Number of protein chains: 2
Amino acid sequence: MPFNSQRAERRTDALSKARIVEAAIQILDADGEGALTFRALATRLATGSGAIYWHVADRQALLAAAADHIIAGVMSEVTMRSKPQDAIRTIALGAFDAIYAHPWIGAQLSGDPWQHAVLRIMESIGRQVQLLGMPEAALFNATTALMNCVLGVAAQHAAAARLPRNTERSAHLTAIAEGWALLDPLEYSFVRRLAAQLPGHDDREQFLAGVNLVLAGIQSIWF
Amino acid sequence: MPFNSQRAERRTDALSKARIVEAAIQILDADGEGALTFRALATRLATGSGAIYWHVADRQALLAAAADHIIAGVMSEVTMRSKPQDAIRTIALGAFDAIYAHPWIGAQLSGDPWQHAVLRIMESIGRQVQLLGMPEAALFNATTALMNCVLGVAAQHAAAARLPRNTERSAHLTAIAEGWALLDPLEYSFVRRLAAQLPGHDDREQFLAGVNLVLAGIQSIWF
DNA sequence: ACCTGAACACCGTTCAAGT
DNA sequence: ACCTGAACACCGTTCAAGT
C-alpha cells in the first residue's frame, strides 16, 4: 500500500502504452511481423491478452505506434544546419537506415502512408523543400516525389519483413534472383539485364541516387 | 460421357486457375481484400475450399496472380510508337489507372515489389528507359526512380484497399483530412499547409507531375 | 481504473477419403 | 487427376468477472 495515496503507487512492471510498444518492437525486430500476436505480447509482458486493449486500440494501432516510435527517434536526431538539399539527403537516409534496421517498418509505412510515422518524415522533408523557395503549388509535387523514394525502399523491404530472421531473408533474396534468371529472355530482357547487375549492388547508394535524381528534377524544373 | 475420350470432356464449370483468379478479382473489386477468403471463394465457385489448393499454392499466390492478371492486361494494351518519354508516361498512367480502379492492387504491389506484376511494369518502363540511351549503370537508378512513382500511388491506395466499399473509402479520406487538421500547428506546419491544398487536388495529375519530375531529373543528369 | 483469461467468431491450410 | 469438407492450429477481439 502506498503511504501517500494521492500519488498513485506505480509498480515498475505496470502496463503502459510505452511498455507495450517497447515489447512489440522487440518481438518485431527479433522474429518479424508474423510473430507479433497479442498472445505472444501478453506472455512477454506477463499479462492477459485483453489487458493490451486497455492501452492500444487494436493491432493496427500497435504497429503504427511501434513504427512511429522509431521514426520519431530518427527524425529528432536529424539536426539541420546545412543547405536544404543536404538536409533532405540526411533525412531520407535516416528513414532508409531505420527501414533497413527494422524491415517490418517497411511493411508498415508502405501499407499505410497516411499514418503518423509517414507524416513525420513528410514534415521533415517538406520543411526543407519549403526552404528551396519554389512556388506553392510545386511544394506538394516535390515533397511527394521525395516521399516516393522512401516509400519505395519501404515496399522493397515489406516482403522480407514477414520472414522471421536474417538468415532466411538472404535466402529469400537469392530465391528472388533465381526467379528472375528463369524469366523468358525475350519477354523480360530488361529485367534480366538488371538482374545481372544486382549482385554487386548497394541498396543505400541506389537509394541516394534516387533522391539525387528527384533533387535534380526539382532543380531543373523550378530553378 | 464424351464420345471422344482423347479430347478430355471439359465441363463449363470445371475448376481452373483462370476461373479461380477471375472469381477472386470479382470478390476483391466488390468487397476489398478482407473479403477474399478461401471459404467465400469456394462458395462462389461452388466447390470445397481445399479444391482451390490444387490450382493455387496459397493465398499470397492467389493475390499475386490476380494482380498479375490485371497488370498484364494493362501492359499489353500499351502500344509504343511515340518517343520514350511519352511512352513512359503512358505506361505509368496505365499502372495508375489500374490501381485506381482496383485499390487492392495497390496493397498487393506495394506489399511485395518483387512479384511478377511489378516486374511486368518494370520491364515495360525499363525498355523505354533503355531507348533514352543513358549509360548502363544509370539504367537501374532511372528505372527504379520511375517505379517509385508507381509504388508510391500503390501505397497510397493500400490502406483504402482493406475497406470494403467506395462509400466507406471516401469517409476514410475525410477522416484522414480531419486527422491532419488536428495536428499540432507548430510541429506539423508543413503537413497542415499541404492539407489545405488537398481538397482541390487531382490524384492523377499529381502522379503525372511526379513522373515528369523524375523524367526531368533524368534529362538534367545524363543529357 | 486497470487487469484476467475464457469464449467467440473467424482465418489459412491440410489431408484422408472420395470420384 | 481432381475434388470434398471436416479437422487442425492458429488468429484478433470481446467481455463478464475480478482487484
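Proteins get letters first, then strands, A, B, ... in listed order; numbering begins at 1 in each. Note that the coordinates shown come from a computational prediction; the quantities given were computed from them, not determined experimentally.
Distance CD (A/Glu33) to C1' (D/dC11): 14 Å, rounded to an integer number of Å. If you measure from atom CD1 of B/Ile20 to atom P of C/dT13, you get 13 Å, rounded to the nearest angstrom. Regarding B/Ile52, its CD1 atom lies at a distance of 12 Å from the C1' atom of D/dG5, rounded to whole Å. Atoms CZ (B/Phe38) and P (C/dC11) sit 12 Å apart, rounded to a whole Å. Atoms OH (A/Tyr53) and C1' (C/dC3) sit 15 Å apart, rounded to a whole Å. In this entry the distance linking CG of B/Leu41 with C1' of D/dC3 reads 15 Å, nearest Å. For the pair B/Gln60 CD and C/dG12 P, the interatomic distance rounds to 13 Å; values are reported in whole Å. What separates CZ of A/Arg39 from P of D/dC11 is a distance of 7 Å, to the nearest Å.
A/His55 has no side-chain polar atom (N or O) that falls below the 4.0 Å cut-off from OP1 or OP2 of C/dA1. Within the structure, a side-chain polar atom (N or O) of B/Trp54 is placed less than 4.0 Å from OP1 or OP2 of D/dC2.
With distances taken from any side-chain atom of A/Leu15 to the nucleotides C/dG5, C/dC3, C/dG12, the minimum falls on C/dC3. Comparing atom distances between the B/Thr37 side chain and each of D/dG12, C/dT13, C/dC11 picks out C/dC11 as nearest. For A/Ala51, the listed nucleotide lying nearest its side chain is C/dC3; candidates were C/dG12, D/dA6, C/dC3.
A distance of 11.0 Å separates NE2 in B/His69 from NZ in B/Lys17, rounded to the nearest 0.5 Å. Note that CG of A/Leu62 is 9.0 Å distant from CD of A/Gln108, once rounded to the nearest 0.5 Å.
Backbone-only contact: A/Leu36 has heavy atoms under 4.0 Å from sugar-phosphate atoms and none from a base.
Under the 4.0 Å criterion applied to side-chain N and carboxylate O atoms, A/Asp184 and A/Arg192 are not assigned as salt-bridge partners. Salt bridge status for B/Arg44 with B/Glu22: absent, with no side-chain N to carboxylate O gap under 4.0 Å.
Positionally, the nearest nucleotide of DNA chain D for A/Gly34 lies more toward the 5' end than for the other of A/Ala57 and A/Gly34.
Ring geometry for B/His201 versus A/Phe140: interplanar angle under 30°, hence parallel rather than tilted (30 to 60°).
C/dG12: Watson-Crick or G-U partner is D/dC8, with both key distances under 3.5 Å. A 3.5 Å limit on both hydrogen-bonding distances identifies D/dG18 as the Watson-Crick or G-U partner of C/dC2.
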